[in-house]
Amino acid sequence: MADIAVKTLKEYLNAHGANLTLSNANFGESTEKAVKAFQKKYGLIQDGVVDQLTWDTLQGYTILPSKTVEQKKFLDWVAEILLSQVGIKEQTGKNDGVQVEYYLKRVGLGKGYAWCQAFMYYGFEYAAEILKVKNPMPKTAGVLDCWNKSKAFQVKKGASPQAGDVFTMDFGKGQGHCGFVLKVEGDYIYTVEGNTSADPSLPSEDREGQGVFKRRRKISSINNGFIRYTIS
């Protein structure tokens, strides 16, 4: 591995309890031992080799804080956590894969279920754990169920969305889609979403895509509403 990659690897491993020296960019015995410990923790083959699955799992289960906890607000943490997942994709296109199944596990489900809401819950729950506060988002895999259980945080119809909001869309028959608003610019919101596609020209992929992507959407396309969570 290149020096910069080894240093990044060590930072991730240290976030999981290793005590590796960052000034030493060598992949030595201590680094290999730390990799094996991580692989054992997450049910991977314990060979000490940083293959793609090990690397993806390291990135998915670890957040490297860019600021101290005291300097960052709850929704800043949510945004950083969700953005760290951009590029994660399903393994076979059937709502599966190591990280996708981890999102679903957070809401008590196994692989095979639509996971956009589970992805949102993962981000909010992880941020709440970091800050040691109560997660304001209800534990559910259902977009519309989450909407109905979040009445206290719903933005009034006609009000302008803002960064940190969760948008919700209703496709009928109990089907929905959601995502996290990163910024608002004119008539558009810029978002990070799970179970979607990077290509907005594919309507069938809009809510049943195969990965985590950043998107741009017209505000007028959000036909259900926005949720603005706060913590007490």
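In this chain, residues are counted from 1 in sequence order. Values reported hereafter were calculated over all heavy atoms of this structure, with side chains retained and with hydrogens, waters and symmetry mates removed.
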> In chain order, what residues pass the side chain to side chain donor-acceptor pair (under 3.5 Å) check against Thr191, with sequence neighbours excluded?
Replying inline: Glu193
>> Among residues at least two apart in sequence or on other chains, which ones pass side chain to side chain contact (heavy atoms under 4.5 Å, CB included) with Ala79?
In response: Phe180, Leu182
> Aromatic rings Tyr12 and Trp55: how do their planes relate, parallel, tilted or perpendicular, breaks at 30° and 60°?
Replying inline: perpendicular
>> Show me the pairs that pass salt bridge (charged side-chain N to carboxylate O under 4.0 Å, His left out) and involve residues 154-180, at least two apart or across chains.
In response: Asp165-Arg228
> Partners of Glu185 by salt bridge (Lys or Arg N to Asp or Glu O under 4.0 Å), sequence neighbours excluded?
Replying inline: Lys183
>> Suppose the criterion is salt bridge (charged side-chain N to carboxylate O under 4.0 Å, His left out): which pairs have a residue in residues 97-124, not counting sequence neighbours?
In response: Arg106-Glu129
> Of all residues at least two apart in sequence or in a different chain, which pass the side chain to side chain contact (heavy atoms under 4.5 Å, CB included) check with Glu90?
Replying inline: Asn95, Asp96, Val100, Trp115, Asn195, Gln210
> What residues, two or more places apart in sequence or in another chain, satisfy side chain to side chain donor-acceptor pair (under 3.5 Å) together with Tyr113?
Replying inline: none
>> My understanding is that only residues two or more places apart in sequence, or in another chain, count here; which of them pass salt bridge (Lys or Arg N to Asp or Glu O under 4.0 Å) with Lys214?
In response: none
> Does any pair with a residue in residues 12-38 pass salt bridge (charged side-chain N to carboxylate O under 4.0 Å, His left out), and if so which ones, sequence neighbours excluded?
Replying inline: Glu32-Lys36
If you look only at distance, which donor and acceptor atoms sit under 3.5 Å apart when one is on a side chain in residues 134-142 and the other is two or more places apart or in another chain?
residue : atom : partner : partner atom : Å
Asn135  : OD1  : Met137  : N            : 3.0
Asn135  : ND2  : Glu125  : OE1          : 2.9
Thr140  : OG1  : Gly142  : N            : 3.0
Thr140  : OG1  : Asp145  : OD2          : 2.8

> Members other than Tyr190 in its cluster, when Ile, Leu, Val, Met, Phe, Trp, Tyr link by side-chain heavy atoms under 4.5 Å?
Replying inline: Tyr188
> Among all residues two or more places apart in sequence or in another chain, which pass the side chain to side chain donor-acceptor pair (under 3.5 Å) test with Asn223?
Replying inline: none
